[in-house]
Structure formats: C-alpha cells, structure tokens
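All remarks here apply to the structure that follows.
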Amino acid sequence: MSEPSFYHQIYRVVCRVPRGQVVTYGQVAVILGCPGAARAVGYAMHRTPHGQGIPWHRVINARGRISIKGDVYAAEAQRALLESEGVVFEDGDRVDLKKYRWPGPEDPFEFGGE
DNA sequence: GAGATGACGGGCT
DNA sequence: AAGCCCGCCATCT
C-alpha cells in the first residue's frame with residue numbers, strides 16, 4: 001500500500017488494544033506476521049509519535065513489566081496509565097499477562113492479510 | 001550501502 | 001533467583 005512500513009502497522013495494532021488490556025512486543029510482531037521482530041516493535045514504540053492517540057502504554061515486555069529504560073518518567077507514566085485503566089501491578093511492578101493480555105485481533109487477516 | 005541502535009525474547013551461567 | 005549473553009528484526013545515522 002502507500003506505506004507498508006512495519007512501524008505504521010505496529011501503531012495500528014496497538015490502537016486496537018482495548019482499554020484495560022496489554023500486549024507484549026513479541027505478540028505485536030507475531031500479529032504482524034513477523035515473530036521475532038519484537039525488537040523492531042520496541043524500536044517503533046520508542047519512536048511512537050505523540051498526539052496520535054496511540055495507547056503506547058499498553059505495550060509491555062513478555063515478562064509483564066515495563067521495559068522502558070532511559071525514561072523513568074515515561075515508565076512511571078505508563079504504569080499510571082495502566083493502573084488508571086484497571087490494570088493491577090503485582091510484586092511491585094509486574095502485570096498478570098494471563099489476565100490482562102490482549103488475545104489479539106479477531107481477524108488475523110486484519111494485519112497479516114495480503 | 002554499511003554500521004550502530006533498541007521500550008525484546010529466550011536460554012544459559 | 002538474578003544476571004548475563006546471544007540472536008532477531010526493522011529503522012536510523
């Protein structure tokens with residue numbers, strides 16, 4: 001299409017994550033059809049444009065924790081946003097993925113479709 | 001075009 | 001249990 005860049009697709013997927021739920025970087029990569037591109041997803045999140053209404057705070061690592069490292073404020077903000085959506089942190093800073101993990105799009109072809 | 005980056009993931013020590 | 005290392009991918013400089 002116009003811009004089949006993964007970045008744009010990543011943002012699109014994140015925007016589909018319902019409020020109160022979260023997804024892992026690796027999962028987003030899988031949804032896009034690139035299992036293993038979790039790193040790229042993280043890179044995209046780092047460059048997530050602000051003011052786009054992208055719920056970037058709903059993206060966490062496979063351990064259910066905030067992976068942000070360079071911006072402690074952003075990390076705390078993410079946690080605050082998640083808690084404000086009803087997400088509960090256990091053990092101090094861990095989210096129960098089996099409870100808040102977004103199952104994914106009902107139509108896998110929505111993103112991985114040709 | 002090549003090298004370095006990074007908010008990852010899984011495995012091993 | 002916690003920390004360290006390697007591999008993966010797309011983007012950036």
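Chain identifiers are assigned alphabetically (A, B, ...) following the order of the sequence lines, protein sequences preceding nucleic acid strands; residue numbering begins at 1 within each chain. Just so it is clear, the structure is predicted and the values come from calculations on it, not from any experiment.
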ask   = Within this structure, what is the CG-to-C1' distance between A/D91 and C/dA1, rounded to whole angstrom?
value = 12 Å
task = Taking only Lys NZ, Arg NE, NH1 and NH2, and the carboxylate oxygens of Asp or Glu, determine whether A/E110 and A/R12 approach each other closer than 4.0 Å.
result = no
task = Nearest whole angstrom, please: distance from the C1' of C/dA10 to the NE2 of A/H8.
result = 16 Å
Give the table of side-chain donor-acceptor pairs shorter than 3.5 Å for residues 82-95 of chain A, with sequence neighbours excluded, one pair per line with atom names and distance.
unit_1 : atom_1 : unit_2 : atom_2 : d
A/S84  : OG     : A/L81  : O      : 3.2
A/E85  : OE1    : A/G20  : N      : 3.0
A/E85  : OE1    : A/R58  : NE     : 3.0
A/E85  : OE2    : A/H57  : NE2    : 2.9
A/E85  : OE2    : A/R58  : NE     : 3.2
A/E85  : OE2    : A/R58  : NH2    : 2.8

message = If I take atom CD in residue A/Q9 and atom C1' in nucleotide C/dA10, what distance separates them, rounded to the nearest angstrom?
response = 12 Å
query = What is the distance, rounded to the nearest whole Å, between atom OH of A/Y25 and atom P of C/dA10?
reply = 18 Å
remark   = Residues A/G104 and A/I31: closest non-hydrogen pair is CA-CD1, 4.5 Å
ask   = Quick one: A/Q27 CD to C/dC8 P, roughly how many Å, whole number?
value = 22 Å
query = Out of A/V22, A/V23, A/N61, which residue meets the side chain to side chain contact (heavy atoms under 4.5 Å, CB included) rule with A/L97?
reply = A/V22
request  = Measure across A/R65 and A/I60 and return the closest heavy-atom pair with its distance rounded to 0.1 Å.
outcome  = O-CB, 3.5 Å
inquiry  = Output the rounded distance in Å from CG (A/D93) to P (C/dA2).
reply    = 11 Å
note = When every non-hydrogen atom of A/V30 is compared with those of A/P35, the smallest separation belongs to CG2-CB, 3.9 Å
ask   = Is there a residue in residues 59-90 of chain A whose heavy atoms reach under 4.0 Å of DNA chain B, and which residues are they?
value = A/N61, A/A62, A/S67, A/I68, A/K69
key: Shared hydrophobic cluster for A/V41 and A/V13 (ILVMFWY, side-chain gaps under 4.5 Å)   = yes
Sub-4.0 Å heavy-atom contacts from residues 29-47 of chain A onto DNA chain B, ordered by number = A/A38, A/R39, A/A40, A/G42, A/Y43, A/M45, A/H46
message = Using a heavy-atom cut-off of 4.0 Å across all strands, would you classify A/T24 as base, sugar-phosphate, or nothing?
response = sugar-phosphate
ask   = Taking the six-membered ring for Trp, are A/H46 and A/Y43 parallel (under 30°), tilted (30 to 60°) or perpendicular (over 60°)?
value = tilted
